[in-house]
Amino acid sequence: GLELSVNSHAADFSLSTSPVSAISLSCLVQNSSQEEELLWYRGDGRVDLKDGNKVNVSNICISPVTESDNGVTFTCRLARDKSVQVSVLLDVQFPPRLTGEEFLQIEEEKDVTLTCDAKSNPQAETAWYRNNATLTLEQNRYQLYQTSEVFQLSIQKVQKSDNGTYTCVVKSSLGEARKDFHLTVEDKKPLFPKEAVIAAVVVVTLTLLFGIIARKDKIFKV
């Protein structure tokens, strides 16, 4: 009948919380006729415990609780029989966050990708807008890519008509965030730069001119 409980739970459980200054986990030995040593683990790593916080009852404090703690497991185990254990999965909930804006300049006929990096728990939904209106996705030109943390909009072979402000809006049950991308489509550059062509013409013209001047005496005699 020997068993453990963590925060009054005798089986594995999930603990939902928001980012806070601290939470406490208390592990208790039940139905034991002797003193039992307890161990704590964060994931696969052992947690150092002070003397006096190991026998029959053991408490740990997680401070602060941050977004990076989401999905982390804390496990209390019996030292002499590690199969006796209770695990706590942290479910740290937070709204999506997007900051700043981007200014993009892209040459006509080239491809461009707009990327929103947005972590959130619970997972958020995303929508794209252009100049404050819902973006109409043109087949074979627009592509969407989405994971739990990344939202991307790719535009293939951009045109002058693609100029404008694109907005990534990320929503979850806890809130909303957005980010603007200001896209400017520039004229397509010629295969050979205009300056280089002009310079080459000038060089050839001067060469011919100097050649004629050098041979003027022969030309006049003829």
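Any value given below was found using the heavy atoms of this structure, including those in side chains, with hydrogens, waters and symmetry copies removed. These figures come from a predicted structure and were not determined experimentally.
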Engineer: From Glu125 CD over to Gln146 CD, what is the distance, rounded to the nearest 0.5 angstrom?
Structural biologist: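 Here the rounded value is 8.5 Å.
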
Engineer: Val72, Val92: one ILVMFWY side-chain cluster at the under-4.5 Å cut-off?
Structural biologist: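 Yes; Val92 is reachable from Val72 via cluster members.
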
Engineer: Working note: Leu114 + Leu104, criterion side-chain contact (heavy atoms from CB on, under 4.5 Å); need CA distance, chi angles, decisive distance, verdict.
Structural biologist: CA-CA 9 Å; Leu114 314 180; Leu104 304 171; 3.1 Å; yes

Engineer: Do you know which two heavy atoms are closest between Thr126 and Trp128, and how far apart they sit?
Structural biologist: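 So the minimum-distance heavy-atom pair works out to OG1-NE1, 4.4 Å.
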
Engineer: Atom OG in Ser14, atom NE2 in His9: separation rounded to 0.5 Å?
Structural biologist: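 Answer for the OG-NE2 pair, Ser14 versus His9, is 9.5 Å.
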
Engineer: Do Leu4 and Leu38 touch side chain to side chain, with heavy atoms closer than 4.5 Å?
Structural biologist: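 The answer is yes; the side chains approach within 4.5 Å.
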
Engineer: Should we say atom CG of Asp48 is surrounded by more than 12 heavy atoms from elsewhere, each under 6.0 Å from it?
Structural biologist: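 No - once you tally the heavy atoms of other residues, nucleotides and ligands closer than 6.0 Å, there are 12 at most.
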
Engineer: Rounded to the nearest 0.5 Å, what separation is found between the NZ atom of Lys119 and the CG atom of Leu98?
Structural biologist: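 Nearest 0.5 Å value for the NZ-CG distance: 13.0 Å.
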
Engineer: Report yes if some heavy atom in the side chain of Gln156 is under 4.5 Å from a heavy atom in the side chain of Asn140; otherwise report no.
Structural biologist: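 Not touching, per the 4.5 Å side-chain cut-off.
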
Engineer: Can you run down the salt bridge (charged side-chain N to carboxylate O under 4.0 Å, His left out) pairs that involve residues 162-174, sequence neighbours left out, and say none if there aren't any?
Structural biologist: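 Counting only pairs at least two positions apart or across chains, the salt bridge (charged side-chain N to carboxylate O under 4.0 Å, His left out) contacts touching residues 162-174 are Arg141-Asp162, Lys171-Glu176.
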
Engineer: Hey, does the side chain of Asn131 reach the backbone of Thr165 with a donor-acceptor pair shorter than 3.5 angstrom?
Structural biologist: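 Present.
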
Engineer: Could you check whether any side-chain N or O of Arg77 sits under 3.5 Å from a backbone N or O of Ser87, counting only pairs where one atom can act as donor and the other as acceptor?
Structural biologist: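 It does not hold such a pair.
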
Engineer: Can you tell me how far apart OG (Ser32) and CG (Leu78) are? Round to the nearest 0.5 Å.
Structural biologist: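 Output value for this atom pair is 7.5 Å.
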
Engineer: Are more than 12 heavy atoms, taken from residues, nucleotides or ligands other than Tyr145, located less than 6.0 Å from that residue's OH atom?
Structural biologist: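 No, not enclosed.
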
Engineer: Which atom names give the shortest non-hydrogen contact between Asn53 and Ser58, and what distance separates them?
Structural biologist: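 Taking every non-hydrogen atom into account, O-OG, 2.8 Å.
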
Engineer: Is there side-chain contact between Lys188 and Lys110, with at least one heavy-atom pair below 4.5 Å?
Structural biologist: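 Of all side-chain heavy-atom pairs linking Lys110 with Lys188, none is under 4.5 Å.
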
Engineer: Return yes if some donor-acceptor pair links the side-chain N/O of Asn121 with the main-chain N/O of Asp91 below 3.5 Å, else return no.
Structural biologist: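 Not at all, since once roles are kept as given, no pair shorter than 3.5 Å links the two residues.
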
Engineer: If every non-hydrogen atom of Ser120 is compared with every non-hydrogen atom of Phe94, which pair is closest and at what distance?
Structural biologist: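 Ser120 and Phe94 have their closest heavy atoms at CA-CE1, 3.4 Å.
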
Engineer: Before giving the answer on side-chain contact (heavy atoms from CB on, under 4.5 Å), spell out for Val29 and Leu2 the whole-Å C-alpha distance, their side-chain angles and the decisive distance to 0.1 Å.
Structural biologist: CA-CA 7 Å; Val29 177; Leu2 176 64; 3.5 Å; yes

Engineer: Starting at NZ of Lys157, measure out to CD1 of Ile106 and round the result to the nearest 0.5 Å.
Structural biologist: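 If I round to the nearest 0.5 Å, the distance is 14.0 Å.
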
Engineer: Side chains of Pro19 and Val65: closer than 4.5 Å at any heavy-atom pair?
Structural biologist: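 They are not in contact (no side-chain heavy atoms under 4.5 Å apart), so the answer is no.
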
Engineer: If we only count heavy atoms from C-beta on, is the Phe103 to Gln105 side-chain gap below 4.5 Å?
Structural biologist: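 Not in contact.
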
Engineer: Quick one: closest heavy-atom pair of Val47 and Ile60, and the distance?
Structural biologist: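 Heavy-atom minimum between the residues: CG1-CG2, 4.4 Å.
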
Engineer: Working note: Gln152 + Thr115, criterion side chain to side chain donor-acceptor pair (under 3.5 Å); need CA distance, chi angles, decisive distance, verdict.
Structural biologist: CA-CA 4 Å; Gln152 288 183 334; Thr115 301; 3.1 Å; yes

Engineer: Is there a donor-acceptor pair under 3.5 Å between the side chain of Asp12 and the backbone N or O of Val86?
Structural biologist: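 No; judged by distance alone, with no hydrogens or angles, the pair does not exist.
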
Engineer: Keeping Asn7 on the side-chain end and Ser26 on the backbone end, is there a donor-acceptor pair under 3.5 Å?
Structural biologist: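 Yes, the answer is positive, given that a donor and an acceptor are paired below the 3.5 Å cut-off.
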
Engineer: Restricting to non-hydrogen atoms, name the atom on Ala127 and the atom on Tyr129 that form the minimum distance, rounded to 0.1 Å.
Structural biologist: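 Heavy atoms only, the tightest pair is CB-CE1, 3.9 Å.
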
Engineer: Give a yes or no on whether a salt bridge exists between Glu37 and Arg80, defined as a side-chain N under 4.0 angstrom from a carboxylate O.
Structural biologist: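 Here Glu37 does not pair with Arg80 in a salt bridge, since their nearest N and O are not under 4.0 Å apart.
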
Engineer: Apply side-chain contact (heavy atoms from CB on, under 4.5 Å) to the pair Val170 and Arg178, showing each step before the final yes or no.
Structural biologist: CA-CA 6 Å; Val170 183; Arg178 58 180 58 214; over 6 Å; no

Engineer: Give a yes or no on whether Phe151 and Ile155 share a hydrophobic cluster (residues Ile, Leu, Val, Met, Phe, Trp, Tyr; joining criterion: side-chain heavy atoms under 4.5 Å apart).
Structural biologist: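 No; tracing contacts between hydrophobic side chains, which count when under 4.5 Å, never links both residues.
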
Engineer: Go through the steps for Leu153 and Phe181 under the test side-chain contact (heavy atoms from CB on, under 4.5 Å), then give the verdict.
Structural biologist: CA-CA 11 Å; Leu153 169 67; Phe181 298 83; over 6 Å; no

Engineer: Using a 6.0 Å cut-off, check whether atom CD of Glu35 has over 12 heavy atoms from anything other than its own residue.
Structural biologist: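 Incorrect, the count does not exceed 12.
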
Engineer: Applying the 4.5 Å side-chain criterion to the ILVMFWY set and letting contacts propagate, would Val158 and Leu144 be lumped into a single cluster?
Structural biologist: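 Cluster IDs for Val158 and Leu144 match.
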
Engineer: How close do Val6 and Cys76 get, counting heavy atoms only, and between which atoms?
Structural biologist: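 The pair with the smallest heavy-atom distance is CG2-CB, 4.0 Å.
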
Engineer: Side chains of Lys160 and Asp187, heavy atoms from C-beta outward: is any pair under 4.5 Å?
Structural biologist: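 Counting from C-beta outward, Lys160 and Asp187 do come under 4.5 Å.
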
Engineer: Under 3.5 Å, is there a donor-acceptor pair between the side chain of Ser172 and the main chain of Gln123?
Structural biologist: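 Flag not set: sc Ser172 to bb Gln123 has no pair under 3.5 Å.
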
Engineer: According to a hydrophobic-cluster definition based on side-chain heavy atoms being under 4.5 Å apart (Ile, Leu, Val, Met, Phe, Trp, Tyr only), do Leu137 and Val169 belong together?
Structural biologist: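 No, separate clusters.
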
Engineer: Applying a strict under-4.5 Å side-chain criterion to I, L, V, M, F, W and Y, I'd like to know whether Leu135 and Val112 cluster together.
Structural biologist: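 Same hydrophobic cluster.
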
Engineer: Could you check whether any side-chain N or O of Glu107 sits under 3.5 Å from a backbone N or O of Lys189, counting only pairs where one atom can act as donor and the other as acceptor?
Structural biologist: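 Between the backbone of Lys189 and the side chain of Glu107 there is a qualifying donor-acceptor contact (under 3.5 Å).
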
Engineer: Working to the nearest 0.5 angstrom, can you tell me the gap between Thr73 OG1 and Tyr41 OH?
Structural biologist: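 Separation between the atoms: 14.5 Å.
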
Engineer: Is there side-chain contact between Thr17 and Asp69, with at least one heavy-atom pair below 4.5 Å?
Structural biologist: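 A side-chain contact under 4.5 Å is absent here.
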
Engineer: Quick check: are there more than 12 heavy atoms from other residues, nucleotides or ligands sitting under 6.0 Å from CG of Asn132?
Structural biologist: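 Counting other residues, nucleotides and ligands, CG of Asn132 stays at 12 neighbours or fewer.
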
